[in-house]
> 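First the structure, which I've put down as structure tokens, then a few questions once you've had a look.
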Amino acid sequence: VQLQASGGGLVQAGGSLRLSCAASGRTFRRSAAGWFRQAPGTEREFVAAISWSGGSRYYADSVKGRFTISRDNTKNTMYLQIDSPKPEDTAVYYCAADRSDGSRWYEAYYLQSEYDYWGQGTKVTVSS
């Protein structure tokens, strides 16, 4: 599976932005996936995750209520809708996919080590 993240850019605080993660390979449709981000000078952190069917979604507390993760398996694409962004959301956003959607993922969805495939990242800058 190869992942290509896009949609980043400059957005004003309180605006909105949608990130996309396009995947190649049919296995993505059966793979759990997620978004992580890395701000300058910090470690990469979990943002949101979604099961292969979209039936289970998880969020970091810092983005809950403002970000929405979704996927369209007919298009092999995952999305991250960012509403009411804050300057502290400024980071490079990475999409990632697991090899499958096994039971272990539901306990470890927030761990980078759980994901086997990574996109190159797309930069989001939120101005105040």
Side-chain angles (χ1 to χ4, degrees):
V1 175
Q2 291 185 321
L3 305 175
Q4 180 77 34
S6 63
L10 177 64
V11 60
Q12 284 192 328
S16 63
L17 195 67
R18 189 175 79 161
L19 306 183
S20 298
C21 177
S24 64
R26 295 175 64 182
T27 56
F28 179 76
R29 302 172 186 176
R30 303 293 296 183
S31 299
W35 289 94
F36 291 76
R37 68 185 181 186
Q38 186 170 21
T42 70
E43 295 186 352
R44 192 157 56 183
E45 64 177 7
F46 168 74
V47 175
I50 188 168
S51 61
W52 76 268
S53 68
S56 295
R57 310 183 191 196
Y58 306 96
Y59 298 93
D61 289 342
S62 59
V63 307
K64 203 171 292 183
R66 300 187 298 117
F67 289 19
T68 303
I69 190 171
S70 62
R71 66 190 299 165
D72 184 344
N73 286 340
T74 65
K75 297 181 179 179
N76 259 15
T77 303
M78 177 177 66
Y79 305 97
L80 185 69
Q81 177 69 36
I82 299 175
D83 295 320
S84 301
K86 304 175 182 179
E88 51 263 44
D89 294 322
T90 294
V92 176
Y93 284 71
Y94 298 90
C95 57
D98 197 345
R99 288 186 187 276
S100 63
D101 190 346
S103 58
R104 186 182 72 184
W105 178 82
Y106 290 87
E107 301 292 332
Y109 58 85
Y110 58 94
L111 296 176
Q112 296 181 55
S113 58
E114 184 62 23
Y115 296 87
D116 304 289
Y117 309 102
W118 290 83
Q120 86 291 357
T122 186
K123 187 175 182 180
V124 173
T125 302
V126 183
S127 63
S128 57

> Are Y109 and W118 connected into the same hydrophobic cluster when the rule is that any two of I, L, V, M, F, W, Y join if their side-chain heavy atoms are below 4.5 Å apart?
yes
> So is R66 actually on top of Y59's ring, under 6.0 Å and inside 45° of the axis?
no
> Between atom OG of S24 and atom CD of Q4, what is the distance when rounded to the nearest 0.5 Å?
9.5 Å
> Is there a path of hydrophobic side-chain contacts, each under 4.5 Å between heavy atoms of I, L, V, M, F, W or Y residues, that connects I69 with L3?
yes
> Let me have the donor-acceptor pairs involving side chains of residues 10-22, under 3.5 Å, with sequence neighbours excluded, atom names and distances please.
none

> Applying a strict under-4.5 Å side-chain criterion to I, L, V, M, F, W and Y, I'd like to know whether W35 and V63 cluster together.
yes
> Could you tell me whether a side-chain N or O of D116 sits under 3.5 Å from a main-chain N or O of R99, the two making a donor and an acceptor?
yes
> Any chain of hydrophobic side-chain contacts (each under 4.5 Å) joining Y115 to Y117?
no
> Which pairs would a plain distance check flag for residues 120-128, meaning a side-chain donor or acceptor within less than 3.5 Å of a matching protein atom at least two apart in sequence or in another chain?
| from | atom 1 | to | atom 2 | distance (Å) |
| --- | --- | --- | --- | --- |
| Q120 | OE1 | A5 | N | 3.3 |
| Q120 | NE2 | A5 | O | 2.8 |
| T122 | OG1 | G8 | N | 3.0 |

> Using only atom types and a distance under 3.5 Å, with no angle test, would you say the side chain of R71 pairs donor to acceptor with the backbone of S51?
yes
> Work out which heavy atom in Y94 is nearest to a heavy atom in G119; give both atom names and the distance.
CD2-O, 3.6 Å
> Should R30 and T27 be marked as a side chain to side chain contact (heavy atoms under 4.5 Å, CB included) after you check the CA-CA gap, both sets of side-chain angles, and the distance that decides it?
CA-CA 5 Å; R30 303 293 296 183; T27 56; 5.8 Å; no
> Name each donor-acceptor pair under 3.5 Å that joins a side chain in residues 39-48 to protein atoms two or more places apart or in another chain, with its distance.
| from | atom 1 | to | atom 2 | distance (Å) |
| --- | --- | --- | --- | --- |
| T42 | OG1 | A39 | N | 3.2 |
| T42 | OG1 | A39 | O | 2.8 |
| R44 | NE | Q112 | OE1 | 2.9 |
| R44 | NH2 | Q112 | OE1 | 3.2 |
| E45 | OE2 | R37 | NE | 2.7 |
| E45 | OE2 | R37 | NH2 | 3.2 |

> Of all heavy-atom pairs between F36 and Y110, which one has the smallest distance, and what is that distance?
CE2-O, 3.6 Å
> How about CD on Q2, more than 12 heavy atoms from neighbouring residues, nucleotides or ligands closer than 6.0 Å, or not?
no
> Is there a path from V1 to I50 through hydrophobic residues (I, L, V, M, F, W, Y) whose side chains come within less than 4.5 Å of each other?
yes
> With a 4.0 Å cut-off on N to O distance, would you call K86 and D89 a salt bridge?
no
> Closest heavy-atom contact between N73 and W52?
ND2-O, 2.8 Å
> Between atom CZ of R29 and atom OG of S53, what is the distance when rounded to the nearest 0.5 Å?
15.0 Å
